[in-house]
Every structure is written in C-alpha cells, then in structure tokens.
Amino acid sequence: MFPLSRLQKALRRQGIAVAYADGIYTLSNPHAQASVLLPHNFPLEEKAVRQLMEFAAVAVPGQDGHVCKACATPDFHPGSIAPVGSIVATSPDMVIPAIPGTDIACGMRLITTGLTLAQFEARKPQLLAKLKHVLLEDGRNVPLRSKAFAALFDVGPEAFIDSLHNDGLWPRVDKQRLLRELDDCIALRELGGGLRHAPEALVGTREVIRDPSLGTTGSGNHFVEIQLVDAVMDRHAAYRHGLVPGEVVVMIHSGSRDVGFFVGSRWMDRAKEAWPAGVRHPKSGLYGLTGELAGEYMDAMGVASRYAWVNRMVLAELVRDSLAQVFAQDQSRLVVDVPHNVILREHGMNIHRKGATPAREGDLALIPGSMGDYSYVATGMGNPDWLWSCSHGAGRSIRRQAMRAMRPTVGGDEMAFQCVTLREERRVEEAPMAYKKIGPVIAAQEEAGLLQSVARLKPLLTFKA
C-alpha cells in the first residue's frame, strides 16, 4: 500500500482524517466525508484530497441545498479548481458551477471505420496528410447559419440537424445517419437549453457564421486518435455495439471550447455574486447556487453541452469525410458519445462529474489511457456507491509543468506510437510517462463493480492541437 503516514500527518493538520481499507480511502472532517477508489500502489495526492473535501462541504447559508455524497475514481488527481476524477451529488435544489468549470461537457466520441489494419497501413501517409490539414492546419470548411445555432440552443440536436444547409462540409454529411446516432449519445437529450444563455457571436444578426472553435479539439489532453480494436473481453456487448477485433476505429476527445468558457466563467461569477449579503465568503472560494438560479445554470450548462456534442460530431464528420476521400468508402458508425464534465439530474440528486464518466447500468463508457497505452470501451454497472460513475481516463501522474521541466525523450513507453502535432511541447506534456497505467485503473473499477470491460483499443496515430 502507498505509505500514508506522512500524508496523514499533513492532512491531520488541516483537520482531515484518512483511513484505508480494501482499495478505498475514506476521508473525513467535521464538515464532510468522501471516498476515493485507488489501486494500492497509486499515490493519494494531498492537493486533490483538499479540493475534494472543499467541494464536499459546499453549502449556501440560509438555503436547504446541500452535498449528499462525494467520491472519486482511480484517475483522481488535482485540477485547477475541482479535482479530476471526482463525483459530487447534491440535493436537487443546488448546483456547484465550479465543478464542470469552463470545460463543460468535455467528453469522448468513438466511431468505427470498417477498415482493417492492412487497409489503413496501405494508405496511412495519405490519410495522415489529409487529417493533419483538416484537424491541425485550419483546413476545415464548416459554415453554419445562425438559425442552426438558435435551433440547437433553443430546441435541441434534432432541430439543429434539420437546420443544416448544403454548403462546405455539409453536402457530404449523411444527416439521416446523424439523426439515428443521437440514440447513442449518452445524456444528450436530458440536457436543457435556452437561447438567452448563448454567446451573441453565434446567435446574432449574421446569417452565416464560421465559428473558429467548431471542429477543433483544443489543447491539453484532448485528441483525435486512430486506434485498433486489439482485444474483446465481452464478445456479446462488442457484437451489439459493432466492435470487431482487428478493425480500425477513431476516438475523439473534446468539449465545448469557447462556449464552455463563456458559460462556465459567467456562472461561476454569478454564484459568487449571489452569496448572501453580510455572510462571510467561504475560504475555499467555492459557491453553490440554489432555487431559480440553479435551474437557470442547468439550462446554461445545457447550451454549452449541446455545443460540445456538435463540436465532437463535426470532428467525427471531418474524419469521416477524410476517410471517404482516401479510401473511397464510408462504412463508419457511431459506437457512443459520452460527456465527462457535466451535471445530470439522476436518482433525485444533481450528480456533478468532473473528469468522471456516467456508468449507468448498461450504458457504454470510454476510458482512454495515453497515446502510448491502451484505451477501453466498458459497460457501466450502475453502482450507487460510486454514484453511477467511472473514471474518464487513466489520470495524470506528472503535471504538465513538471513534464516541461523534465524534457523527457519522447519515443513511447509501452508501445510504439505516433503523435502528429504542430506544437512540440504537446509531445512532452502528453508523453505516456505523464499518465498512470490504464490497466490497474480498469482492474480496480472492475473489482469494485463500477464497470465491465468490453474491448481494448490500441493507439495507432494521435492528433493533438
């Protein structure tokens, strides 16, 4: 077991007690309690513990809203405000905007291609050049009318698809397929909206908008990755979802970009402004929203979440278009699209997930490792002890600043990998050694009953902005 004595002493000085048993850390202080699921040799980080306990203690004086439960998955590590890999359930009348933060509804999308590894390798140079141009060199052409954005934010995804016009990328997009694929987008139809919460730049007076964020991954750990279905663990589930051993697939990790920043920063400020007058502000700087404002936030978050879905969808359609041009065929289909930075109303509570994936019974989850390690497709087991959730990845073990200082030789850890980027620092910051091993992360969650593995995916080619 990871030695606790030094950490226990440090946390005890902050009033936090730590106990460990059967792979679970139990954290407690006079104001809150939380649980963390970690493999026995993974370190429990003091900053992440402190952040989780601060969120577990959020309350609004004079209001009934409160935190019901807080926990964390094996990718648990510190974030800028909220710890990554954390899940916080609140009463249905309270939300905490700082948990999704500004990266609202960041998530994963997985599509099959119908290609074998041999077919991929035969035209890999052409595909690499095409995707590099489209994904990294601003080669995309994705015009949208403001009425399409208005339909998205005010009505929903179906209305958005129905509003698409035949210009740029869109004449080559199968819109009926997009409509069918909405059924495989986890929680998308559960999210609210409202035009009043959208940035004016997308719903203003211009008829045609070329949004600079749309169809982009963003920085950090976001990516588009070509992968191979390397192994199948649950053949029945794999068959149901079209995952075939030896087939090439594409995984996309991105979120709401500028719209998420607009909504998230605005509502974190509003939560602070709504703090009761004459009451001392919390030392943590964390604020909850209750009542009508909580409902308004959920609608605003829904606007950013719908945009995040469109962004991942556009990225996938850019990939599909490139595959069709290079291989003269498109047999692709969506496996699943799932967010991991979002608040959802479930089981009579508001479930806040920060870098944690919904793992409701029977739903698919996508859990990436690193660009030098496997990724996993899993089925959620609907475990209430862990708030119907699982990890959203392996989790960082070394911060980006530390990686830049180390300047590691980037050539692959567990397996050979190829990272395509225009920014050399991405290879350093996102090198495989910066992440935990994905194997123990998956195993710990299987043993605890959070998920069941369906398939293992091997990285072939990773694109990072």
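Residue indices begin at 1 and follow the sequence shown.
In this structure, Glu45 does not pair ionically with Lys47, as no charged nitrogen and carboxylate oxygen lie closer than 4.0 Å. Salt bridge absent: Arg206 and Glu200 never bring a charged side-chain N and a carboxylate O closer than 4.0 Å. The pair Asp269-Lys272 does not count as a salt bridge, with every side-chain nitrogen at least 4.0 angstrom from each carboxylate oxygen. Note on Glu181 versus Arg333: no salt bridge recorded, every NZ/NE/NH1/NH2 to OD/OE distance being 4.0 Å or above. Of the charged side-chain nitrogens involved, none lies within less than 4.0 Å of a carboxylate oxygen, so that Arg109 and Asp184 do not count as a salt-bridged pair. Ion pairing between Asp230 and Lys458 fails under the 4.0 Å rule for side-chain N and carboxylate O. With respect to the salt-bridge test (charged N to carboxylate O, under 4.0 angstrom), the residues Arg140 and Asp321 do not qualify.
Counting only N and O atoms by type, the side chains of Gln51 and Lys354 include no donor and acceptor under 3.5 Å apart. Defined by atom type and a distance below 3.5 Å, a donor-acceptor pair is missing between the side-chain atoms of Gln325 and Gln126. There is a side-chain donor-acceptor pair under 3.5 Å between Gln452 and Asp234. One side chain, Ser332 or Arg320, offers a donor N or O that lies under 3.5 Å from an acceptor on the other. Side chains of Asn141 and Arg210: a donor on one and an acceptor on the other come within 3.5 Å.
When side chains are defined from C-beta on, Val336 does not count as touching His241, because their heavy atoms never get closer than 4.5 Å. Residues Glu430 and Arg400 are in side-chain contact: their nearest non-hydrogen atoms beyond the backbone lie under 4.5 Å apart.
Shown are Leu44, Leu37, Val441, Val84; of these, the side-chain contact (heavy atoms from CB on, under 4.5 Å) with Phe76 is made only by Leu44.
Geometrically, Arg306 does not engage Trp309 in a cation-pi contact, judged by NZ or CZ lying under 6.0 Å from the ring centre and within 45° of the ring axis.
Taking all atoms of both residues into account, the shortest heavy-atom contact from His77 to Ala48 is C-CB, 3.7 Å. Heavy-atom minimum distance, Thr73 versus Ser391: OG1-CA, 3.5 Å.
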_Glu247 and Gln227: CA distance, side-chain angles, deciding distance, side-chain contact (heavy atoms from CB on, under 4.5 Å) verdict_ = CA-CA 9 Å; Glu247 183 175 349; Gln227 302 171 332; over 6 Å; no
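Annotation for Phe261: atom CZ does not count as buried by contact number, only 12 or fewer foreign heavy atoms lying within 6.0 Å.
Without hydrogens or angle criteria, Glu424 side chain to Arg426 main chain gives no donor-acceptor distance under 3.5 Å.
Classification of the Phe149-Phe160 ring pair by plane angle, with boundaries at 30° and 60°, yields tilted.
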